[in-house]
Amino acid sequence: MNQNTYLCPSINMKFIYQSWWKVLTVIVIIYTLIAGLLLGVPKLPIVHETIRNTYFHVPMWMAMFTVFSISVYYSIKYLNTGKEKYDLIAVECANTGLFFFVLGLITGMLWAKYTWGEFWSNDPKQNSAAIAFLLYCAYSVLRNSIDEEQKRAKISAIYNIFAFPVMIVLIMVLPRMTDSLHPGNGGNPAFGKLDLDNRMRMVLYPAFIAWSFMGIWIASVRYRIRLIEYKKNEN
């Protein structure tokens, strides 16, 4: 019998062992999509059925924060070690974070249209999120404006490390210091025990984890592609 026949089970088991979290991520995301649309939700004034957007809008931000945090971590590692791979991981996590940032803005604007009456009402939360988004767009522009590799990696790493806390302040702190229509700001409570019942928690909390892992998955794929391109250019 062909030797590959004996190797196939071990190869398959190795693949399953390494990819179990990816399989679980897909399963949980499918579950949250179906349950988010079909399970019951609290009957609340104004938001009504749009409360289901919680399952999609908030997890996008969670995934964004996750990959941005990883990006900062590897920017710090790059400055400490000078290893190019850490810079590549940092930039691809930042790029992935921007993708989820866009999804968070789009889902938020759609929700605002049905609850606040318009897509963009210049609410402090919206404006702060827009500024934070431009902050990270500037990170991408900065990288593309510097040709020398080590200089580009070092400057962008420093920028990334300072951009992250500024983004946190813009999104999480400043809107809470003024009146805002957004839940959790300006005396407007976020979804709590009166709004977010156990049915919603059974969908929302798994969605946080699944979409965060999806962000890590996307960033890892982008990193591998970037690494191949980097090695090809080196040769």
Quiz item: Got more than 12 heavy atoms from elsewhere within 6.0 Å of NZ, Lys83?
Solution: no
Quiz item: So, for Tyr55 and Gly36, which heavy atoms are closest and what is the spacing to 0.1 Å?
Solution: CD1-CA, 3.3 Å
Quiz item: Taking C-beta and beyond as the side chain, do Ile158 and Ile155 meet within less than 4.5 Å on heavy atoms?
Solution: no
Practice problem: Kindly indicate whether the side chain of Leu88, heavy atoms from C-beta on, has any atom under 4.5 Å from the side chain of Glu92. | Solution: no
Quiz item: Taking the six-membered ring for Trp, is the centroid-to-centroid distance between Phe68 and Tyr136 below 6.0 Å?
Solution: yes
Quiz item: Near Lys85 NZ, under 6.0 Å, is it more than 12 heavy atoms from other residues, nucleotides or ligands?
Solution: no
Practice problem: Using a strict cut-off of less than 4.0 Å between a Lys/Arg side-chain nitrogen and an Asp/Glu carboxylate oxygen, indicate whether Asp87 and Arg143 qualify as a salt bridge. | Solution: yes
Practice problem: For residues Asn160 and Tyr139, report the shortest heavy-atom separation together with the two atoms involved. | Solution: CB-CE1, 3.7 Å
Quiz prompt | side chain to side chain contact (heavy atoms under 4.5 Å, CB included) partners of Ala132, counting only residues at least two apart | solution = Phe101, Met167, Leu170, Ile171
Self-check item: Between CD1 on residue Ile70 and NZ on residue Lys77, distance to nearest 0.5 Å
Solution: 12.5 Å
Quiz item: Is any side-chain heavy atom of Val28 less than 4.5 Å from a side-chain heavy atom of Phe213?
Solution: no
Self-check item: Heavy-atom closest pair, residues Gly215 and Phe100
Solution: CA-CE1, 3.5 Å
Self-check item: Exercise: identify the closest heavy-atom pair between Arg152 and Ile146
Solution: NH1-O, 3.1 Å
Quiz item: Is there side-chain contact between Asn95 and Arg222, with heavy atoms separated by less than 4.5 Å?
Solution: yes
Quiz item: Going through the checks in order, is the side-chain contact (heavy atoms from CB on, under 4.5 Å) test met by Met200 and Ile51?
Solution: CA-CA 10 Å; Met200 293 194 68; Ile51 195 175; 3.7 Å; yes
Quiz item: Are Phe133 and Val141 in one and the same hydrophobic cluster, where Ile, Leu, Val, Met, Phe, Trp and Tyr link if side-chain heavy atoms are under 4.5 Å apart?
Solution: no
Practice problem: Please list all pairs passing the side-chain hydrogen bond (donor to acceptor under 3.5 Å, both in side chains) test where one or both residues lie in residues 202-219, with sequence neighbours left out. | Solution: Thr66-Ser212
Exercise. Starting at CG of Leu39, measure out to CZ of Arg199 and round the result to the nearest 0.5 Å.
Key: 8.5 Å
Quiz item: Rounded to the nearest 0.5 Å, how far apart are CG of Asn127 and CG of Leu174?
Solution: 11.5 Å
Quiz item: Taking the side chain as C-beta and beyond, is there a heavy-atom pair between Ile161 and Leu79 under 4.5 Å?
Solution: yes
Quiz item: Just one of Val26, Thr25, Ile27 clears the side-chain contact (heavy atoms from CB on, under 4.5 Å) bar with Val23, so which one?
Solution: Ile27
Quiz item: Going by atom types alone, do Trp111 and Thr50 pair a side-chain donor with an acceptor below 3.5 Å?
Solution: yes
Self-check item: Ser140 side chain reached by Leu98 side chain, heavy atoms, under 4.5 Å
Solution: yes
Quiz prompt | Mutual orientation of the aromatic rings belonging to Trp61 and Phe65 [parallel < 30°, tilted 30-60°, perpendicular > 60°] | solution = tilted
Quiz item: CG/Leu135 to OG/Ser128 distance, rounded to the nearest 0.5 angstrom?
Solution: 12.0 Å
Quiz item: According to a 4.5 Å side-chain heavy-atom criterion applied to Ile, Leu, Val, Met, Phe, Trp and Tyr, with indirect links allowed, do Leu38 and Met202 form part of one hydrophobic cluster?
Solution: yes
Quiz item: Taking Thr107 as the fixed residue, which of Val102, Asn53, Thr54 is the one that meets the side-chain contact (heavy atoms from CB on, under 4.5 Å) rule?
Solution: Asn53
Quiz prompt | Closest non-hydrogen atom pair, Leu105 against Ala129 | solution = CD2-CB, 3.9 Å
Quiz item: In terms of heavy-atom contacts, does OH of Tyr73 have more than 12 from other residues, nucleotides or ligands at under 6.0 Å?
Solution: no
Quiz item: So if you build clusters from Ile, Leu, Val, Met, Phe, Trp, Tyr with side-chain heavy-atom gaps below 4.5 Å, do Val221 and Val67 land together?
Solution: no
Practice problem: With rounding to the nearest 0.5 Å, note down the distance linking NZ in Lys113 to OG in Ser121. | Solution: 11.0 Å
Quiz item: How long is the span from the CZ atom in Arg226 to the NZ atom in Lys231, to the nearest 0.5 Å?
Solution: 14.5 Å
Quiz item: Does any pair with a residue in residues 28-38 pass side-chain hydrogen bond (donor to acceptor under 3.5 Å, both in side chains), and if so which ones, sequence neighbours excluded?
Solution: none
Quiz prompt | Shared hydrophobic cluster for Ile218 and Ile228 (ILVMFWY, side-chain gaps under 4.5 Å) | solution = no
Quiz prompt | Neighbour count >12 (heavy atoms, 6.0 Å) for atom OH, Tyr86 | solution = yes
Quiz item: Is the closest side-chain heavy-atom distance between Gln126 and Trp116 below 4.5 Å?
Solution: yes
Quiz item: Is any side-chain heavy atom of Tyr74 less than 4.5 Å from a side-chain heavy atom of Cys93?
Solution: no
